[in-house]
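Supplied in C-alpha cells, the structure appears directly below.
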Number of protein chains: 2
Amino acid sequence: MSSRPDPDALGFVLIDVARMLRSAFERRIATAGLGLTPGEARTLVRIATLEGSRQLDIAQRMGIEPMTLSTYLDRLQSLGYIERRPDPADRRAKLIFTTPIAGALIASIRTEQIELMEHVTSGIGPEELELMRDRLKRLRANLCALEEDGAAPVLAKEAGR
Amino acid sequence: MSSRPDPDALGFVLIDVARMLRSAFERRIATAGLGLTPGEARTLVRIATLEGSRQLDIAQRMGIEPMTLSTYLDRLQSLGYIERRPDPADRRAKLIFTTPIAGALIASIRTEQIELMEHVTSGIGPEELELMRDRLKRLRANLCALEEDGAAPVLAKEAGR
DNA sequence: AATGCATAGTAAGCTACGCTTACAATAAGC
DNA sequence: GCTTATTGTAAGCGTAGCTTACTATGCATT
C-alpha cells in the first residue's frame with residue numbers, strides 16, 4: 001500500500017495516454033473520411049493480419065468478447081470490406097476474409113496509424129520505443145492472466161510474439 | 001510509411017493495455033462495492049489531489065471536456081462526496097472540494113489502484129517502471145500538443161511534474 | 001445410435017464514457 | 001454601457017464494450 005498520491009502514477013498516465021491516443025486516432029479517422037469508427041478500423045486492420053481466422057480467434061487476439069467482434073463484423077460486412085465464409089472443417093465456425101476492395105482502405109488506416117504514432121512518439125529513440133513496447137506487452141500478458149483466473153499474475157512466461 | 005503490419009505495434013499494444021486495464025479496474029471497483037463507476041472513482045481521486053480547484057482546471061488536468069467532468073461531479077455531489085463552493089473571486093466559477101465522508105472511499109480507491117498496478121506490473125523492475133512512466137508522460141505531452149493545435153508535436157519541452 | 005455436454009456464432013439489451021451544441025450567468029475590455 | 005469572452009450546465013448523441021440467453025453444430029460416452 002505504498003503511499004502514492006501522485007496524479008502521475010503509472011496507471012493514471014497509462015489510461016490518460018490511451019484515452020488521448022484513441023481520441024486522436026478517432027479524429028484522424030474521421031478527418032480522413034473513411035467512413036469507419038475507430039473500433040471498426042482497428043478490427044479491419046487486425047483481420048488483415050489474421051486473414052482466414054475464425055471469429056473466436058480474432059476476438060481473443062483483440063482481447064474483446066466474441067459478441068463485440070460480431071457487431072463490428074456485421075458493419076464491416078455490410079460495407080463489403082470483409083466476408084464470412086463457412087469453415088469447411090467445422091460448420092459452426094466461419095472464417096473471416098478481407099475483400100479486395102478493402103485493400104486500399106486498410107492501407108489508409110495503417111498510414112494514419114503510423115503517422116499518428118510518429119507524431120506521438122517524437123522525441124523518443126527507436127530503442128527506447130522497442131523497450132517500451134516489450135514492457136507494455138508484458139503488462140498485457142499480466143492483464144490477460146488476470147482476466148482468466150482473476151488473480152495470479154504471470155511470473156515467468158514471456159510476453160510472446 | 002515504414003512497412004509495419006505487426007499486430008503488436010506500439011499503438012495497438014498501448015490501446016490493448018489501456019482497455020484491459022480499464023476493464024480490470026472496473027471489475028475491481030465493482031467487486032469492492034464502492035458504488036462508483038471507474039470514471040467517477042478516477043475523478044474523485046483526481047479531485048483529492050487538486051482540492052479547491054475550478055472545474056475547468058480539473059477537466060484540463062484530466063484531459064476531458066468540462067461538460068464530461070460536470071456530469072461526474074453531479075453524481076459525486078449527489079452521493080455527498082464532493083462540494084461545489086462558489087469561488088469568491090469569480091462568481092461564475094465554482095471550487096471543488098472533497099467532503100470528509102469521502103476520505104475513506106478515496107483511500108479504498110487508491111488501494112485498489114495500487115494493488116491492481118502491483119499485479120499488472122509484476123515482473124518488471126522499479127527502475128524500468130519509472131522509465132516507462134517517464135516515456136508515457138512524454139507521449140502524453142505530445143498528445144496534449146496534438147490536441148491543442150492538431151499538428152506539431154512537442155520537441156523539447158519536458159513532460160513536467 | 002442416442003444421449004449429453006461443449007463450442008461457434010448471434011440477438012437483445014444494458015452500462016459507461018465522452019463528445020457536441022446551445023445557453024445562462026458573470027466578467028472584462030473598450 | 002456595450003460587446004465579447006469565459007464558467008458551468010442542459011440536452012442529446014455516438015461508440016465501445018459487456019452479459020445473458022439462444023441456435024446450430026460438434027464431440028464423447030455409453
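We name chains A, B, ... by the order of the sequence lines, and we start the count at 1 in each one.
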Of residues 29-44 of chain B, the positions that come close to DNA chain C - non-hydrogen atoms, cut-off under 4.0 Å: B:T37, B:P38, B:G39, B:R42
What is the separation between atom CD on A:Q60 and atom C1' on D:dG17, rounded to the nearest whole Å?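 Computing the A:Q60:CD to D:dG17:C1' distance gives 17 Å.
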Indicate the atoms forming the closest heavy-atom contact of B:L36 with B:A41, along with that distance.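 In terms of heavy atoms, the two residues are closest at CD1-CA, 4.1 Å.
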Atom pair CZ (B:R46) and OH (B:Y72), whose distance is rounded to the nearest 0.5 Å: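 Atom-to-atom, B:R46:CZ and B:Y72:OH are 12.0 Å apart.
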When you measure from the side chain of A:T43 to the backbone N and O of A:G39, does any donor-acceptor pair fall under 3.5 Å?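 Confirmed, A:T43 side chain pairs with A:G39 backbone.
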Regarding the side chain of A:T68, the nearest nucleotide among D:dT25, D:dG17, C:dC19 is D:dG17
So, for A:E112 and A:A32, which heavy atoms are closest and what is the spacing to 0.1 Å?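 In terms of heavy atoms, the two residues are closest at OE2-CB, 3.7 Å.
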Could you state the CZ-P distance from A:R75 to D:dT15, rounded to the nearest angstrom? 8 Å
Can you tell me how far CG of A:L73 sits from CD1 of A:I47, rounded to the nearest 0.5 angstrom? 5.0 Å
Expressed as a whole number of angstroms, how long is the span from B:D87:CG to D:dG8:P? 8 Å
To the nearest Å, how far apart are A:M20 CE and C:dC19 C1'?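 Value for this atom pair: 15 Å.
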Can you pull every protein N or O that's under 3.5 Å from an N or O on nucleotides 6-9 of chain C?
from, atom 1, to, atom 2, distance (Å)
C:dT7, O4', A:R92, NH1, 3.4
C:dT7, O2, A:R92, NH1, 2.7
C:dG9, OP1, A:Q55, N, 3.1
C:dG9, OP1, A:K94, N, 3.1
C:dG9, OP1, A:K94, O, 3.1
C:dG9, OP2, A:Q55, N, 3.4
C:dG9, OP2, A:L56, N, 2.8
C:dG9, O3', A:K94, NZ, 3.2

Distance test, side-chain N/O of A:R91 to OP1/OP2 of D:dA24, below 4.0 Å: no
Whole angstroms only, please: what is the CD1-C1' distance between B:I64 and D:dG8?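 To the nearest whole Å, that distance equals 14 Å.
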Can you give me the closest heavy-atom contact between A:R140 and B:V13, atom names plus distance? NH1-CG2, 4.0 Å
Are B:I124 and A:L10 connected into the same hydrophobic cluster when the rule is that any two of I, L, V, M, F, W, Y join if their side-chain heavy atoms are below 4.5 Å apart?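 Yes, A:L10 and B:I124 fall within the same hydrophobic cluster.
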I'd like to know if the side chain of A:E40 reaches the main chain of A:T37, judged simply by a donor and an acceptor atom lying under 3.5 Å from each other, with no hydrogens or angles considered.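 Yes.
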Could you tell me how far apart B:R22 (CZ) and C:dC17 (C1') are, to the nearest whole angstrom?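 Going from CZ in B:R22 over to C1' in C:dC17 covers 6 Å.
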Identified side-chain contact (heavy atoms from CB on, under 4.5 Å) partner of B:Q77 from the options B:T99, B:I96, B:I82: B:I82
Compare side-chain N and O positions of A:Y72 against OP1 and OP2 of D:dT15 and report whether any pair is under 4.0 Å apart. no
In whole angstrom, what separates B:E26's CD from D:dG17's C1'?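 B:E26 atom CD is separated from D:dG17 atom C1' by 9 Å.
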Round to the nearest Å and state the distance from B:E65 atom CD to C:dT20 atom C1'. 9 Å
